[in-house]
Amino acid sequence: MVKKTFLTFAAALVLTLVGCNQLPSSARPNNASGLTLSVPAPEGISSKFTLLTPVLLYRVVSASEVFSGSVSYSQLASLNGPLNLNLPHDGRWLISAEWLLNGLPAQIGAGVVTVSGNTPFALEMGSLNSTCYMATIANPGSNAGVPDTFNFDNNVVAYSPVSLGPTPDIQALWSSPVTSMYLQAYPSPQPNIAYLGTGHWVDYTAIPPSTVFYNDSLAAKQAALGPAAVMEVDDVYAVKLSATTTAWLQVRDVVNVGATYVQFDFRLNRHGFPYMKFDVTAFGDTNCNTSGNILY
């Protein structure tokens, strides 16, 4: 578990990050150079809100070094931060952050920064909302009124077999005797789904080089956790749609018995990067730019 220690509160919050309850052996002095991280404010939130209790989760990674933590809005100088992170050394770091509103993911983002001395970095984050970046699909015939296929870029759900409209990327299916929902490529399986982990999305923004992609999400999770593993809330999967396009999705709700279905948040990455650098969907370009400036 990675923890953080609050040192001082001034114009900005200053954080010294510690791992395994001790300072990294190569940690800089408190007044040394580091990373100044700014983030977009949660969409629709002003400084006068009273009920939504935003919490910012962050994670900073370089090779095997991982530093992470959380900070509430009340501990920040503003909704945009900044966070002054005293990292143990200069170099390339993968930065990821996630806004939670009342415990639910609202925005997510990741980017790579080369830290050299005092380095400011503004992280782009992608909005998550039920209209543009959430879908619900069910296995065929199990849940009346809920289609079984989904196209990420156009945000289109459809019943199989699909002959009109955009070709679906994935289909929801149900497994027996291991009673679990799962996702696979449509119309036929191909090794394009990887299980990245279960928990906060911010912790699974990168696809490790050793990652194996499987024919479906259940096979991917069982390869990591054993044959009894099933799809669960907060599972994070990567779906390889092409050589340069990957969809990241996190399960928000799943029912594995009776009228089975799965609901998930998702974002696209068309850059070919092994981390979440988000793009808006084709659907989002015309319907879901609610803020006018948080598009990635």
Side-chain angles (χ1 to χ4, degrees), residues 1-2 20 57 59 61 64 66 68 70 96 98 100 103-105 108 110 128 133-144 146-150 152 157 159-160 168-241 246-267 269 274-276:
M1 177 65 68
V2 179
C20 300
L57 310 181
R59 190 170 189 261
V61 180
S64 61
V66 180
S68 63
S70 63
S96 57
E98 177 178 2
L100 300 179
L104 296 177
I108 182 72
L128 301 166
Y133 301 110
M134 180 183 289
T136 301
I137 52 179
N139 62 298
S142 72
N143 200 330
V146 181
D148 59 300
T149 70
F150 182 69
F152 286 101
V157 296
Y159 294 94
S160 62
D169 295 311
I170 58 172
Q171 182 178 25
L173 296 168
W174 187 80
S175 173
S176 179
V178 179
T179 54
S180 175
M181 291 296 299
Y182 67 97
L183 305 171
Q184 73 174 32
Y186 181 88
S188 58
Q190 55 182 294
N192 71 338
I193 298 181
Y195 168 72
L196 301 181
T198 301
H200 288 302
W201 203 348
V202 70
D203 295 322
Y204 304 106
T205 57
I207 301 174
S210 60
T211 298
V212 176
F213 287 80
Y214 292 85
N215 279 351
D216 62 70
S217 62
L218 189 59
K221 187 171 184 180
Q222 290 179 347
L225 300 181
V230 297
M231 179 175 280
E232 299 174 285
V233 171
D234 294 332
D235 280 357
V236 180
Y237 300 92
V239 184
K240 195 73 172 175
L241 302 176
T246 301
W248 264 260
L249 66 87
Q250 182 182 49
V251 176
R252 179 167 288 196
D253 191 18
V254 61
V255 174
N256 284 321
V257 294
T260 55
Y261 69 90
V262 55
Q263 182 184 75
F264 53 86
D265 292 326
F266 71 93
R267 294 293 305 205
N269 175 331
Y275 62 89
M276 288 193 284

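Contact of the V239 side chain with the I170 side chain is registered, since non-hydrogen atoms from C-beta on lie closer than 4.5 Å. Proximity of Y195 to L225: side-chain heavy atoms (C-beta onward) are separated by under 4.5 Å at one or more points. Side-chain contact check for I207 versus K240: every heavy-atom pair is 4.5 Å or farther apart. A 4.5 Å side-chain heavy-atom check between V255 and M181 finds every atom pair outside the cut-off.
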Apply side-chain contact (heavy atoms from CB on, under 4.5 Å) to V61 and T205, showing your working. CA-CA 11 Å; V61 180; T205 57; over 6 Å; no
Begin with the C-alpha distance, continue with both residues' side-chain angles, and end with the deciding distance and a verdict on side-chain contact (heavy atoms from CB on, under 4.5 Å) for V262 and I137. CA-CA 6 Å; V262 55; I137 52 179; 4.1 Å; yes
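A pairwise comparison of heavy atoms in Q190 and N215 identifies C-OD1, 3.1 Å as the closest pair. Smallest separation of non-hydrogen atoms from P140 and L173: CD-CD2, 3.8 Å. Scanning both residues, I193 and Q184, for their nearest heavy atoms gives CD1-CA, 3.8 Å. What you find for L57 and S70 is that their closest heavy atoms are CD2-CB, 3.4 Å.
Every residue meeting the ring-ring contact (aromatic ring centres under 6.0 Å, His included) condition with F266, not counting sequence neighbours, appears here in chain and number order: Y133, F150, F152. Here Y182 pairs with nothing under the ring-ring contact (aromatic ring centres under 6.0 Å, His included) rule; sequence neighbours left out. Evaluation of the side chain to side chain donor-acceptor pair (under 3.5 Å) rule for Q263 yields T136 as partners, not counting sequence neighbours.
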Run the side-chain donor-acceptor check on residues 227-236: report pairs under 3.5 Å with partners two or more places apart or on a different chain.
unit_1, atom_1, unit_2, atom_2, d
E232, OE1, K221, NZ, 2.7
D235, OD1, T198, OG1, 2.6
D235, OD1, K221, NZ, 3.0
D235, OD2, K221, NZ, 3.0
D235, OD2, E232, N, 2.9
D235, OD2, Y237, OH, 2.7

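Atom CG of L196 sits about 7.5 Å away from atom CH2 of W248, to the nearest 0.5 Å. Within the model, atoms CH2 of W201 and CG of L100 stand 12.0 Å from one another, a figure rounded to the nearest 0.5 Å.
Pairs engaging residues 206-230 under the ring-ring contact (aromatic ring centres under 6.0 Å, His included) rule: none recorded [sequence neighbours left out]. The salt bridge (charged side-chain N to carboxylate O under 4.0 Å, His left out) analysis of residues 200-216, with sequence neighbours excluded, yields the pairs R59-D203. Residues in residues 168-178 take part in these side chain to side chain donor-acceptor pair (under 3.5 Å) pairs, two or more places apart or across chains: D148-Q171, S160-Q171. For residues 249-261, the pairs satisfying side chain to side chain donor-acceptor pair (under 3.5 Å) are N139-T260, S142-T260, R252-D265, D253-Y261, with sequence neighbours left out.
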